[in-house]
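Here the structure comes first, spelled out in structure tokens, and everything after it is commentary.
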Amino acid sequence: MSYIWGLDLSLTSTGIAIYDLYNKSFVHITSIDTTDIRNIKANKGKYLNGLKLFKIQEEMRALKEHYPPQTIVIERGFTRFNTATQVLYRVHGIANVMFHDIAQIYYAPKDIKATIISGNASKALVRQQILKEMPDLKFKNEDESDAAAIVLTYLKKNQLNT
């Protein structure tokens with residue numbers, strides 16, 4: 001199987017969309033929610049980010065075994081708030097190391113939006129456009145629809161039929 005992964009990386013909810021090139025369909029769309037880690041009282045916040053990173057790594061590792069990727073497509077990070085940006089890049093580091101032996105392609109958020117519908121489109125409009133073209137898809141949150149948009153951007157840019 002040839003799987004293309006779309007990653008919308010985040011410390012709180014990483015979106016993952018996995019597309020099967022052979023069958024030309026999404027085979028797995030999910031998000032890794034780490035907000036439950038805040039509720040671990042024994043932790044007392046001391047190792048909070050480390051625990052979140054570990055959870056993301058372990059869930060991606062399990063998916064990698066089941067859906068070995070041919071290509072990883074990632075939304076490029078952007079700087080808004082320095083501390084949040086620094087923490088986000090730790091998640092990027094996890095993905096970069098986990099998939100060190102696999103082609104990794106980064107797209108800017110505006111490039112993804114422009115490929116799907118319009119460069120200034122909202123996340124909601126991008127999601128609506130995807131569902132218009134692929135009404136059978138189900139998304140639990142924006143992270144999942146963003147991950148699907150990342151995959152679809154790769155497919156369109158590489159002229160691979162969806």
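The shown structure was predicted, so the numbers you read here are calculated from the model rather than taken from an experiment. Numbering of residues begins at 1 and proceeds along the displayed sequence.
- For Y3, the ring-ring contact (aromatic ring centres under 6.0 Å, His included) partners at least two apart in sequence or on another chain are Y67.
- Residues Y107 and L160 share a single hydrophobic cluster, defined by chaining ILVMFWY side chains whose heavy atoms lie under 4.5 Å apart.
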Let me see the working for K55 and E58 under salt bridge (charged side-chain N to carboxylate O under 4.0 Å, His left out), right down to the final yes or no.
CA-CA 5 Å; K55 180 177 182 179; E58 290 307 298; over 6 Å; no

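- Contact of the L88 side chain with the L11 side chain is not registered, since no non-hydrogen atoms from C-beta on lie closer than 4.5 Å.
- Applying the salt bridge (charged side-chain N to carboxylate O under 4.0 Å, His left out) rule to D111 yields the partners K157; only residues at least two apart in sequence or on another chain are considered.
- Scanning for side-chain hydrogen bond (donor to acceptor under 3.5 Å, both in side chains) contacts around S10 gives T12, with sequence neighbours left out.
- Taking all atoms of both residues into account, the shortest heavy-atom contact from K113 to A121 is CD-O, 3.1 Å.
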For Q70 and I4, what are the C-alpha separation, side-chain angles and deciding distance, and is it a side chain to side chain contact (heavy atoms under 4.5 Å, CB included)?
CA-CA 6 Å; Q70 167 188 308; I4 305 298; 4.0 Å; yes

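- One hydrophobic cluster, built from ILVMFWY side chains closer than 4.5 Å, holds both I102 and I74.
- Listed by chain and number, the residues in a side chain to side chain contact (heavy atoms under 4.5 Å, CB included) with Q129 are I116, I117, K132, E133 (sequence neighbours excluded).
- Taking each heavy atom of I150 and G6 in turn, the nearest pair found is CG2-CA, 4.1 Å.
- Here S145 pairs with nothing under the side-chain hydrogen bond (donor to acceptor under 3.5 Å, both in side chains) rule; sequence neighbours left out.
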What side-chain donor-acceptor pairs closer than 3.5 Å can you find for residues 91-100, not counting sequence neighbours?
{"unit_1": "H92", "atom_1": "ND1", "unit_2": "Y106", "atom_2": "OH", "d": "3.1"}
{"unit_1": "N96", "atom_1": "ND2", "unit_2": "Q104", "atom_2": "OE1", "d": "2.6"}
{"unit_1": "N96", "atom_1": "ND2", "unit_2": "Y106", "atom_2": "OH", "d": "3.1"}
{"unit_1": "H100", "atom_1": "ND1", "unit_2": "V97", "atom_2": "O", "d": "3.0"}

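- Residue pairs meeting the salt bridge (charged side-chain N to carboxylate O under 4.0 Å, His left out) criterion with at least one member in residues 119-128, sequence neighbours excluded: K123-D146.
- Atoms OG1 and CD, from T30 and E59 in turn, are 7.0 Å apart once rounded to the nearest 0.5 Å.
- Separation of atoms CG (N158) and OG1 (T71) is listed at 8.0 Å; rounding is to 0.5 Å.
- Judged as a ring-ring contact (aromatic ring centres under 6.0 Å, His included), and not counting sequence neighbours, Y154 has no contacts.
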Passes side chain to side chain contact (heavy atoms under 4.5 Å, CB included), Y19 versus H28? Steps please.
CA-CA 7 Å; Y19 186 87; H28 193 78; over 6 Å; no

Run the side chain to side chain contact (heavy atoms under 4.5 Å, CB included) check on L63 and W5 step by step: do they pass?
CA-CA 10 Å; L63 287 170; W5 284 37; 3.5 Å; yes

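- No hydrogens or angles considered: a donor-acceptor pair under 3.5 Å links the side chains of D33 and T35.
- The distance from atom CD of E144 to atom CD1 of I32, rounded to the nearest 0.5 Å, is 10.5 Å.
- In terms of the side-chain hydrogen bond (donor to acceptor under 3.5 Å, both in side chains) criterion, T153 has no residue partners (sequence neighbours excluded).
- Under the 3.5 Å distance criterion, with hydrogens and angles disregarded, no donor-acceptor pair is assigned to the side chains of S31 and D143.
- Shown here are the side chain to side chain contact (heavy atoms under 4.5 Å, CB included) partners of L137, two or more places apart in sequence or in another chain: F26, I29, I130, L131, M134, F139.
- Contacts classified as salt bridge (charged side-chain N to carboxylate O under 4.0 Å, His left out) and involving residues 8-21 (residues at least two apart or in different chains) are not found.
- Residues satisfying the side chain to side chain contact (heavy atoms under 4.5 Å, CB included) criterion with A114, sequence neighbours excluded, are absent altogether.
- The two residues S13 and N141 have their closest heavy-atom pair at OG-ND2, 4.0 Å.
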